[in-house]
Amino acid sequence: MRKVRVRFAPSPTGPLHIGGVRTALYNYLFAKKHGGDMLLRIEDTDSARFVPGAEEYIVESLNWLGINIDEGVGAKSPGTHAPYRQSERKAIYRKYVDQLLEKDLAYVAFDTPAELDTKRAEIANFQYDSSTRSLMTNSLTLNGDEVKSRIENGEQYVVRIKIEPDQEIKVQDLIRGEVVVNSSVIDDKVLFKSSDELPTYHLANVVDDYLMEISHVIRGEEWLPSAPLHVLLYQYLGWTEVMPEFAHLPLLLKPDGNGKLSKRDGDRLGFPVFPINWLDSKIGETFSGYREAGYFPEAVVNFLSLLGWNPGTEQEIFSMDELIELFSLERVSKSGAKFDYEKGKWFNHKYLQAKPNIEIAEIFQKVLIEKGINTDFSKVEKIVSLVKERANFVNELWDQSAFFFVAPTEYDAKTVQKRWKDETPTQMTELIDVLKEINEFTPENTEEVVKEWITSKEYNLGGIMNAFRLSVVGEPKGPHIFDIIAVIGKDETIARIKSAINNINS
RNA sequence: GCCGAUGUCGUCUAACGGUUAGGAUAUCAGGUUUUCACCCUGAGGAUGAGAUUUCAAUUAUCUCCAUCGGUACCA
């Protein structure tokens, strides 16, 4: 079997969206599973749609996720099939265009976009193909000298593939099986345009995959309709023996309604659709990314890996190495997957719980510093251990733990009404005296002493505890109250109770 | 319109002719915690429709329907 070489070939027309990330991931998993190479090729054959910064964005995103490029753009070593940007491969394609022209498998066409529009308006379901090419301005309807002189005069032209009608074209797809298409429904696609001396995607991807010795083309389902054209191109160029195998991945759909997940869905629905933040400088708008939203790359990879594939077991949490071990194209599903953001959160929650507190504390301390809070690392670590189970993301930790750092200024009205009775201020004053007497302010000591006091006074346990919590936290939430006061200390605890006595119901 | 692909709980999916159609997530309820969350237990929730083949169809074939994709000098 030949060496596995796959490529991820995005076009730099904007940020890489999460569906593209999944395609890259599946390519990577497949390559690594078979000990092959993962290439990154930039398909920038549309000079008009080029967006500066998009390429760097793609490389940075893949790096963040741990999808390592062996060869091509963003790879550590230069690679043996350079260059890897199609705009830098201009000279290469011309040769194959000429080859097709010589063999009469392609032809030159001069029709302008305006003329094509006119034809489309004139003829219903117009398609540039064997049935209509004789009506158009091209090297099949013009004589040789005319064609020559037009080109010499600098007239713009395109090269179109010449497709024989009524042929059966078979595409073998690793996920979908055999797909058969009649050649009559394929139009004479443009392969090359003189305006920028660049091929279109169709020709470029076939030529590059051939020259780069790609063994498997794993790409989104939106390419399935043009796969027969690509197969034909391999035939025309005489490369059927080394044609890569195809696998067309199901699409990632938007969570509400139907349709492909798109750029604006994310911020519209309140979750990212991009791996990392993307600043669209044209409109001055930032689209949010998973990295900045607080996701762990491992969680994103895990979540994405299961959107369209599963190993057939009930395991849900996988490391990258496990995914590589288990991945197979045969187990990729055929139908589109709706993007379920809630499940994504759950994955991050799982990874957050599994992470050592010390690692989380390192990230969280940075968040605290940004908020102007300088705290002992060991204290941050302790707080993380107390609150992390109720967070999905590191940046939710602040909401869960702010009261450790800042005394409450407001008291939850509902709780006040329910838990702050007429006798409460007196009881809280007594509590202060009780706490004052405790020298070692550990959770064990304070709990024992406070509970003894409650028992001896025959107070209602719930009444005291809830008022105590309200005083310290301001809300009916958080870890065990005795764990909290051990962290904030005796003085702060007493100060908060005093403050509560003074401020509640006054 | 034409061409192609795809239809299993709300969502991601398992079951590759014989299962009470399984799991996860989400939702709801109970337990736990005298708080919240985590956690535990439980509940409801699906084979798009109709034929055909078969002793037996989620699974095979056909028709219809629906959804998505393609139909550009975009990728």
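Protein chains get the first letters and strands the later ones, always in sequence-line order, with residue 1 at the start of each. No hydrogens, no waters, no symmetry mates; every other heavy atom, side chains included, goes into these values.
- Between the CG atom of A/Leu251 and the P atom of B/G7 there is a distance of 14 Å, given to the nearest Å.
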What nitrogen or oxygen pairs link the protein and nucleotides 8-12 of chain B at under 3.5 Å?
unit_1: B/C12; atom_1: OP1; unit_2: A/Lys338; atom_2: N; d: 2.7
unit_1: B/C12; atom_1: O2'; unit_2: A/Leu306; atom_2: O; d: 3.0

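- Judged by Watson-Crick or G-U wobble contacts below 3.5 Å, the nucleotide B/U61 has B/A51 as its partner.
- With sequence neighbours excluded, the residues that form a salt bridge (charged side-chain N to carboxylate O under 4.0 Å, His left out) with A/Glu359 are A/Lys355.
- Taking atom C1' on both B/C3 and B/A60, the two are 25 Å apart, rounded to the nearest angstrom.
- Qualifying ring-ring contact (aromatic ring centres under 6.0 Å, His included) partners for A/Phe192, counting only residues two or more places apart in sequence or in other chains: none.
- Annotation: ring-ring contact (aromatic ring centres under 6.0 Å, His included) contacts of A/Trp420 (sequence neighbours excluded): none.
- The side chain to side chain donor-acceptor pair (under 3.5 Å) check on A/Gln167 picks up nothing, with sequence neighbours excluded.
- When the P atom is used for both B/G42 and B/A24, the distance is 10 Å, rounded to whole Å.
- Of the P atoms belonging to B/A66 and B/G50, the separation is 16 Å, rounded to the nearest Å.
- With both pairing distances under 3.5 Å, B/A43 is matched to B/U27 as a Watson-Crick or G-U wobble pair.
- Between A/Phe303 and A/Tyr295, the gap from one ring centroid to the other reaches at least 6.0 Å.
- Taking atom P on both nucleotides, B/C16 is separated from B/G7 by 16 Å, rounded to a whole Å.
- Remark: A/Arg49 engages A/Asp46 in a salt bridge, criterion side-chain N to carboxylate O under 4.0 Å.
- When rounded to the nearest whole Å, the span between CG of A/Leu326 and C1' of B/A14 equals 15 Å.
- Comparing B/A51 with B/U58, their P atoms sit 13 Å apart, to the nearest whole Å.
- If you take CZ of A/Arg219 and C1' of B/G70, they are 13 Å apart, rounded to a whole angstrom.
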At a cut-off of 3.5 Å, list every protein nitrogen or oxygen paired with a nitrogen or oxygen from nucleotides 36-38 of chain B, distance to 0.1 Å.
unit_1: B/C36; atom_1: O4'; unit_2: A/Pro476; atom_2: O; d: 3.0
unit_1: B/C36; atom_1: O2; unit_2: A/Arg390; atom_2: NH1; d: 2.1
unit_1: B/C36; atom_1: O2; unit_2: A/Gly478; atom_2: N; d: 3.3
unit_1: B/C36; atom_1: N3; unit_2: A/Arg390; atom_2: NH1; d: 2.5
unit_1: B/C36; atom_1: N3; unit_2: A/Gly478; atom_2: O; d: 3.3
unit_1: B/A37; atom_1: N1; unit_2: A/Glu389; atom_2: OE2; d: 3.2
unit_1: B/A37; atom_1: N3; unit_2: A/Glu389; atom_2: OE2; d: 3.3

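- In this view, A/Asn392 and A/Lys345, A/His349, A/Glu396 satisfy the side-chain contact (heavy atoms from CB on, under 4.5 Å) rule, not counting sequence neighbours.
- Nucleotide B/U6 forms a pair with B/A66, judged by Watson-Crick or G-U wobble geometry with both contacts under 3.5 Å.
- Taking A/Tyr351 as the reference, nothing meets the ring-ring contact (aromatic ring centres under 6.0 Å, His included) condition, with sequence neighbours excluded.
- Atom pair A/Glu314:CD and B/U25:P shows a separation of 11 Å (rounding to whole Å applied).
- For A/Trp223, the ring-ring contact (aromatic ring centres under 6.0 Å, His included) criterion is met by A/Tyr201, not counting sequence neighbours.
- Here the separation of B/G22 from B/A46, taken at their P atoms, is 11 Å to the nearest Å.
- Using bins of under 30°, 30° to 60° and over 60° for the plane-to-plane angle, the ring pair A/Tyr128/A/Phe126 lands in the perpendicular bin.
- Under the salt bridge (Lys or Arg N to Asp or Glu O under 4.0 Å) criterion, no residue pair touches residues 397-418 of chain A, with sequence neighbours excluded.
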So which protein N/O to nucleotides 2-5 of chain B N/O distances come out below 3.5 Å?
unit_1: B/A5; atom_1: O2'; unit_2: A/Arg176; atom_2: NH1; d: 2.7
unit_1: B/A5; atom_1: O2'; unit_2: A/Glu221; atom_2: OE2; d: 2.9

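- A/Phe327 does not carry A/Arg331 over the face of its six-membered ring by the limits of under 6.0 Å from the centre and within 45° of the normal.
- A/Tyr290 has its ring centre no less than 6.0 Å from the ring centre of A/Phe393.
- In this structure, the CG atom of A/Asp173 is 14 Å from the C1' atom of B/G69, given to the nearest Å.
- For the pairing with A/Asn205, the side chain to side chain contact (heavy atoms under 4.5 Å, CB included) check across A/Leu203, A/Val207, A/Asp208, A/Asp209 returns one residue only, A/Asp209.
- Regarding A/Gln315, its CD atom lies at a distance of 17 Å from the C1' atom of B/U25, rounded to whole Å.
- If you check B/U71 for Watson-Crick or wobble pairing at under 3.5 angstrom, you find it paired to B/G1.
- With hydrogens and angles disregarded, a donor-acceptor distance shorter than 3.5 Å links the side chain of A/Arg176 to the backbone of A/Lys334.
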Pairs: protein N or O with nucleotides 72-75 of chain B N or O, under 3.5 Å:
unit_1: B/C73; atom_1: OP2; unit_2: A/Arg160; atom_2: NH2; d: 3.4
unit_1: B/C73; atom_1: N4; unit_2: A/Asp111; atom_2: O; d: 2.8
unit_1: B/C74; atom_1: O2'; unit_2: A/Asp46; atom_2: OD2; d: 2.6
unit_1: B/C74; atom_1: O2'; unit_2: A/Arg49; atom_2: NE; d: 3.0
unit_1: B/C74; atom_1: O2'; unit_2: A/Arg49; atom_2: NH2; d: 3.2
unit_1: B/C74; atom_1: O2; unit_2: A/Arg49; atom_2: NH2; d: 3.1
unit_1: B/A75; atom_1: OP1; unit_2: A/Thr45; atom_2: OG1; d: 2.8
unit_1: B/A75; atom_1: OP2; unit_2: A/Tyr201; atom_2: N; d: 3.2
unit_1: B/A75; atom_1: O3'; unit_2: A/Glu43; atom_2: OE1; d: 3.3
unit_1: B/A75; atom_1: O2'; unit_2: A/Ser11; atom_2: OG; d: 2.9

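- Look at the C1' atom in both B/A14 and B/C9: the space between them is 13 Å, to the nearest Å.
- Rounded to the nearest Å, the gap between the C1' atom of B/A26 and that of B/U61 is 37 Å.
- Checked against B/A26, B/U35, B/A14, the side chain of A/Trp346 finds its nearest nucleotide in B/A26.
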